[in-house]
Every structure is written in structure tokens, then in C-alpha cells.
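Please read the structure below before turning to the comments.
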Amino acid sequence: MKKNRFLWALLLLVSLGAAAQDNIHFVAGTPTQKGLSQKNMDALKLKVEQIIARNNAGTASLYNAFVIQPELVLGETKKTEGLLRDVTLVTGEFSLTARNKYDDSVYGTAVIEVQGDATGSKDDAIASLISGIKVTDPAFVRFIRTTRKRIADFYQQNCPVIIKKAEVLIDAGLLNEAADYLSIVPETVPCYDEVLGILQKIGKREPQESPVTPEPAPEEPASPEPAPEVQPTPVTEPVTSPEPVVVQPEKSPLPECKISVSCNDLSFELVSCEGNETAESIRVYARFTNTGVTNNSATIRMTSAIDPDGATFTNFSQIETNGCTSWTYGNKMPKGVRIGKVFEIKGVSTPCATLSYVEMTVDNCKVIIHNLPVDWK
């Protein structure tokens, strides 16, 4: 009886390990070698996407650190003569390399010999070669399976080292570097909850640093005046600013702007955009929805804002208001649940009717807004 229980426990452990590895997914890389036409490079990348899809290893989250990079090394090229039509024969090696796009670690490779022929040019023969690569080749199945296991083993065996290195980066004040380093840790490793906790701490700590420096800006122009007259201005603004944010969606001319989202599994909703002349700032209230699978550790930030006069703003922060957190890293994004964010753009000394360009990112997905109207208060 005890032996049977042991066997069942062992089988359960093996099945859980296999399921954990299946949660590691890949994205196809773009070929970089020279000598291929754009058409054949696109066909090569598509072939990798088909291999990934065939093995159920395609992207399953908004964040993808693991890339399968294809490469086609051409060998001998021959041309037949004396026939009705000249035939070009091309041979070569098709290789796949699984790597981490953030630290360039390599987890696995696969190489198969390939050949193709076509009547006409060498480029046509290469196209035939790529078309002849079978996505059902057992070599690709083994490659995906082995690579997944190596990735899981690497992070499982190096959890303490990864966390220690992240803490060193944080102590050195390199918060962005620490967050990027931790964000590539897959959900399958035992220290993933600890990684999430550190990311959330970074998210809470990072926004606090940016408001501290800009905050005195509104007070300096008013410093020559008596203190009682200066104090109400910064105190009143945060109180009145959030109130219109809730009402804003009904009457703001936001539909006039153009919005594009780079990922199919992310939807975006613009709620309001308000300017505050006294604080020399603009607040953009937006909501993001993950329409793919559950993502427990999304990085959300504003990366660019440009006004019609060409002024480029770089001082961004996130505000805790209307239930929105100020976190940049470690944002939980369950499937189908809207996540609100209020971004603040500092240093807007001249009021503008619109923002010509605004860019936000959710992990590797971009949200771009053109001609965003600003309602000044």
C-alpha cells in the first residue's frame, strides 16, 4: 500500500513538473543574416511561428522574454544545364536557437539539413527550400521540449542568486535594471512569489522618488508671497483634480484622438486627460484590460509625450487616485479585468490644447495616442 502511494506521489510530481514546463512560451525572432531577400526572411520567420504553434509553445502572456531565433546557412548552389529549363539547387542548414532576449542566455539549439530547387533564380530556390521545411519534424519537438526543461531548471537552480543580484541592483539605486532583470523569471519557479513581492516593492518605491523633486516647483514662483497664501494652492489641486476624473468620460472630446495598440491580447480605454496650469502638469487617466491569459506581473509605464510645438516631456509618474495604484512594476492583470492607471506628466510650462503623441507600454505592448485633447483646469 505504501509503495502504491509512493508511485502515485512520484507520478503527480512528474506531471506537475511537465505542466510547469508547458507554461514556458516563445516568440519567433527575425532573421538577421545577410544574403536573404525580405520575402524569404519573412517566410523564414513565419516558418518558426508555425513550428512554435505546432508544439503549443506560442506566446501566452503580454510579456515574452524567450525568443527562438532562426538562421539559414546556405551551402552549395548548383545549376543544371542542357534541359528545357535551368534548375537551381540550393542546400544549407536551418538552425533554431532559443535565447533570452534580455541577457542573451542560450538554452538550446537545433540544426537540420535542408535543400530546395526551382526553375529560375537562386532566390526562388531558397524560397522552395524554406517552404520544404516540415514543421512536424521530430527534431523541432525535441528542441522545444528540451529547451523548456533547461529554462525551468536554470531558474529553479539559480533562484537565490537571481534574487540576490536583484537586491544588489536595488541597493545601488538601479530600480529599473532590477525590475527588468526580475521580470524575465518564469511563473514556474519556486521563488516566483518572492520575485513578485520584490517587484511590487520596487513599484511602490520608484514613483515616490519622482514626485519629491517636482513637488516644490509650484511653490517656488509663489515663495515671495506670504506663506498662508501659498499653501492652499498645492493642497487644493490634488483634491479638486481627481473629482472631474470620474465625470470626464461623458463629456471629454477624447474620441477625436487616434489610438493604436500593438498587441491583440490587450485592450485600452481612455478615460480623461486634464491639465493643471498651477502645477504645470497633465494627468491622463486610462484603463488596460488583459484579454489573453492571466498575467500576474505586468510592467505599466508612460514612455513618451510630445506637444504640437515639438516639446518632448520626460518627467512621468503615476498617481494614487480613484483606486489606481502608483506601481510601475508588479501590476496584477487577471484576464478580462480592467486595471486603471493615472499618469502625470510634469514640467508642462505652456498649456497646449492637445498632445500630438503619447506612448505607454504594458510589458512589450505599446499603446500610442495621436492628437490627445487636454482639458485645462
Side-chain angles (χ1 to χ4, degrees), residues 27 30 38 42 45 59 61-64 207 210 241-277 279-293 295 298-319 321-328 331 333 335-377:
V27 63
T30 302
Q38 186 61 49
D42 293 341
K45 183 177 180 180
T59 171
S61 68
L62 298 175
Y63 190 91
N64 303 290
S210 39
S241 182
E243 292 182 31
V245 170
V246 183
V247 183
Q248 193 70 15
E250 308 295 336
K251 49 188 178 183
S252 171
L254 295 177
E256 296 177 5
C257 62
K258 181 181 177 182
I259 301 173
S260 62
V261 183
S262 67
C263 294
N264 294 328
D265 52 359
L266 178 71
S267 67
F268 176 79
E269 175 189 355
L270 197 52
V271 180
S272 66
C273 180
E274 292 186 350
N276 187 318
E277 291 190 50
E280 296 186 345
S281 66
I282 296 175
R283 288 188 179 184
V284 180
Y285 182 14
R287 296 192 185 109
F288 304 86
T289 306
N290 169 24
T291 57
V293 299
N295 186 321
T299 299
I300 303 176
R301 51 157 68 101
M302 178 176 284
T303 55
S304 181
I306 304 172
D307 73 5
D309 292 331
T312 300
F313 305 105
T314 57
N315 192 348
F316 309 120
S317 62
Q318 296 185 44
I319 308 301
T321 181
N322 290 347
C324 303
T325 69
S326 60
W327 299 346
T328 298
N331 291 281
M333 293 192 71
K335 181 179 179 180
V337 178
R338 292 191 298 184
I339 304 299
K341 285 290 178 180
V342 179
F343 302 94
E344 186 166 55
I345 307 169
K346 288 283 190 179
V348 187
S349 56
T350 304
C352 49
T354 62
L355 287 172
S356 300
Y357 182 88
V358 175
E359 181 181 291
M360 308 168 189
T361 61
V362 178
D363 288 338
N364 63 334
C365 296
K366 284 187 180 181
V367 176
I368 296 176
I369 309 171
H370 289 277
N371 301 322
L372 173 59
V374 183
D375 183 15
W376 290 90
K377 301 296 183 182

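In what follows, every heavy atom counts, from backbone to side chain, and hydrogens, waters and symmetry copies are set aside.
For the atom pair CG (L266) and CZ (F288), the distance works out to 7.0 Å, reported to the nearest 0.5 Å. With rounding to the nearest 0.5 angstrom, the CZ atom of F268 is 10.0 Å from the OG atom of S260. A distance of 7.0 Å separates CD1 in I369 from CE in M302, rounded to the nearest 0.5 Å. Here OG of S262 is found 7.5 Å from CD1 of I368. Values are rounded to the nearest 0.5 Å. Summarising the geometry, atom CZ belonging to R301 is positioned 13.5 Å from atom OG belonging to S317; distances are rounded to the nearest 0.5 Å. Of the inter-residue distances, the one linking I319 atom CD1 with K341 atom NZ reads 11.0 Å to the nearest 0.5 angstrom.
Between P308 and T354 there is a side-chain heavy-atom pair separated by less than 4.5 Å. When side chains are defined from C-beta on, C273 counts as touching I282, because their heavy atoms get closer than 4.5 Å. In this structure, the side chains of Y357 and T312 stay at 4.5 Å or more apart for every pair of heavy atoms.
Checked by atom type and distance alone, the side chain of W376 pairs as donor or acceptor with a backbone atom of C352 at under 3.5 Å. Side-chain N or O atoms of T303 include one that pairs as donor or acceptor with a backbone N or O of E359 at under 3.5 Å. The closest donor-acceptor contact from the side chain of N371 to the backbone of C257 lies at 3.5 Å or more, if one exists at all. With hydrogens and angles disregarded, a donor-acceptor distance shorter than 3.5 Å links the side chain of N290 to the backbone of G292. When atom types are taken as modelled, the side chain of D309 and the backbone of A311 share no donor-acceptor pair closer than 3.5 angstrom.
Between I259 and V367, the shortest heavy-atom contact is CG2-CG1, 4.3 Å. Taking all atoms of both residues into account, the shortest heavy-atom contact from V362 to A298 is CG1-CB, 4.2 Å. The two residues Q318 and W327 make their nearest non-hydrogen contact at OE1-O, 3.1 Å. Here the closest non-hydrogen pair linking D265 and C365 is OD1-SG, 4.5 Å. Closest approach of V342 and Y285 over heavy atoms only: CG2-CD1, 3.7 Å.
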Worked check of side-chain contact (heavy atoms from CB on, under 4.5 Å) between I339 and R287: CA-CA 5 Å; I339 304 299; R287 296 192 185 109; over 6 Å; no

Derivation and outcome, side-chain contact (heavy atoms from CB on, under 4.5 Å), residues V284 and L270: CA-CA 8 Å; V284 180; L270 197 52; 3.8 Å; yes

Derivation of the side-chain contact (heavy atoms from CB on, under 4.5 Å) call for I300 and M333: CA-CA 10 Å; I300 303 176; M333 293 192 71; 4.2 Å; yes

Stepwise side-chain contact (heavy atoms from CB on, under 4.5 Å) check, L372 with H370: CA-CA 6 Å; L372 173 59; H370 289 277; over 6 Å; no

Working for salt bridge (charged side-chain N to carboxylate O under 4.0 Å, His left out), residues R283 and E274: CA-CA 5 Å; R283 288 188 179 184; E274 292 186 350; over 6 Å; no

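A side-chain contact (heavy atoms from CB on, under 4.5 Å) with S281 is found for exactly one of V348, I345, N276, namely N276.
A salt bridge is absent between E280 and K346: the closest approach of a Lys/Arg side-chain nitrogen to an acidic carboxylate oxygen does not fall below 4.0 angstrom.
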